[in-house]
Amino acid sequence: MTDPVIDLRGVTRRYDEGPPALRDVTLTVRPGDSVAVLGPSGSGKSTLLNLIAGLDRPSEGTVTVAGTRVDRLGEAASARYRRAHVGLVFQFFNLLDDLTVRDNVLLPAQLAGTPGRAAREQADRLLDHLGLTRHANATPGRLSGGERQRVAVARALVNRPALLLADEPTGALDTAAGEDVRRLLTDLHGAGQTVVLVTHDLRLAESCATRVVRLRDGRVEEDR
Ligand SMILES: Nc1ncnc2c1ncn2[C@@H]1O[C@H](COP(=O)(O)OP(=O)(O)OP(=O)(O)O)[C@@H](O)[C@H]1O
Ligand SMILES: [Mg+2]
């Protein structure tokens, strides 16, 4: 068996107040898996994603991604880890409105120290692949929601991450734009990309995921 991309063991995340956001979660994701994380509001979905991304730390347990013990990283190492291994897509795009579409996509590559020419070629290839070339010099504010989310996906992929993480990627989109992003994520998975997405969108889960993990009250209720 190949090494897992994600390996969570006995992960609990407690806050000072309230019940734990996650309780004793053990989860393995293998290369090429596409996992949809479902569950009611407050069940711990975003907490799980943030722990995998190294944006948060567990109270107990271990988080290993692409061989790195993510739960042990300091701030700088955690940022480096994300740049090298993880692409992140959020509900509200999180694009920089002062930069052009191309520069938004280029930024993670520049931060990772990719030589300028190689970074530009990779960014332009992604923009072309995602049908965004004609918007390359526009700022994101001029684009539709679906186009912005495609830019966010291009940015997430520019460093060729082992893992694409998405938190409600269709949550802010209308039906047509949602369909567009669903198709894009499904194609990426078809091309071998390992994907973990949090969603309330059952159509997205059905079209893109090979596996569904259902959380309830911070526990894995179902994994199929
Ligand atoms: N910084 C925090 N401090 C205290 N409690 C928090 C904090 N962040 C999250 N929680 C709690 O942890 C639980 C899980 O939150 P989480 O954001 O992971 O839920 P979710 O499944 O993503 O919900 P949604 O579908 O609404 O996005 C919730 O009860 C939430 O109130
Ligand atoms: Mg959430």
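Atoms within a ligand are numbered from 1 in the order they appear, just like the ligands themselves. Only heavy atoms go into these numbers, but all of them, side chains included; no hydrogens, no water, no symmetry mates. Positions are given from 1, in the same order as the sequence printed here.
Of the protein's non-hydrogen atoms, the one nearest atom 8 (N) of ligand 1 is Tyr15 OH, 3.3 Å. Shortest contact from atom 12 (O) of ligand 1 to any protein heavy atom: Ala21 CB, 3.3 Å. Here the protein heavy atom with the shortest distance to atom 26 (O) of ligand 1 is Ser41 OG, 2.5 Å. Ranking protein heavy atoms by distance to atom 25 (O) of ligand 1, first place goes to Lys45 NZ, 2.7 Å. Looking at atom 27 (O) of ligand 1, its nearest protein heavy atom turns out to be Ser46 OG, 4.0 Å. When hydrogens are left out, the protein atom nearest atom 28 (C) of ligand 1 is Gly42 O, 3.8 Å; that is the closest non-hydrogen contact.
Those atoms of ligand 1 with a heavy atom of Pro40 less than 4.0 angstrom away are 21 (O). Atoms of ligand 1 found under 4.0 Å from any heavy atom of Thr47, numbered from 1 in the order shown, are 14 (C), 15 (O), 16 (P), 18 (O).
Inside a sphere of radius 2.8 Å centred on the Mg ion (ligand 2), the protein N/O/S atoms present are Ser46 OG.
Glu60 contributes no side-chain N or O that, together with a main-chain N or O of Arg13, makes up a donor-acceptor pair within less than 3.5 Å. Here the side chain of Ser78 pairs a donor or acceptor atom with the backbone of Gly54 at under 3.5 angstrom. A distance-only check finds a donor-acceptor pair linking the side chain of Ser59 to the backbone of Arg14 [under 3.5 Å]. Not one N or O on the side chain of Asp33 forms a donor-acceptor pair closer than 3.5 Å with the backbone of Val29. Judged by distance alone, the side chain of Glu221 and the main-chain N or O of Gly39 form no donor-acceptor pair under 3.5 Å.
Taking 4.0 Å as the cut-off, Gly18 does not count as a neighbour of ligand 1 on heavy-atom distance.
More than 12 heavy atoms of other shown residues, nucleotides or ligands fall within 6.0 angstrom of atom CZ in Arg69. Environment of CZ in Arg9: sparse, with no more than 12 heavy atoms of neighbouring residues, nucleotides or ligands closer than 6.0 Å. Surrounding CG of Asp98 are at most 12 heavy atoms belonging to other residues, nucleotides or ligands under 6.0 Å away. Other residues, nucleotides and ligands contribute over 12 non-hydrogen atoms within 6.0 Å of the CZ atom of Arg125.
Note that atom 31 (O) of ligand 1 has no protein non-hydrogen atoms nearby, at separations under 4.0 angstrom. Inside a 4.0 Å radius of atom 6 (C) of ligand 1 there is at least one protein heavy atom.
Contact annotation: for His200 versus ligand 1, heavy atoms closer than 4.0 Å belong to the side chain alone.
For ligand 1, the polar-atom distance check finds no N/O of Gly39 at less than 3.5 Å from any of the ligand's N/O atoms.
A salt bridge links Glu179 with Arg182; the closest basic N to acidic carboxylate O contact falls under 4.0 Å.
In this structure, Pro108 and Arg155 have side chains that are in contact, with non-hydrogen atoms separated by less than 4.5 Å.
Clustering ILVMFWY residues whenever any of their side-chain heavy atoms sit less than 4.5 angstrom apart, transitively, puts Val89 in the very cluster that holds Leu204.
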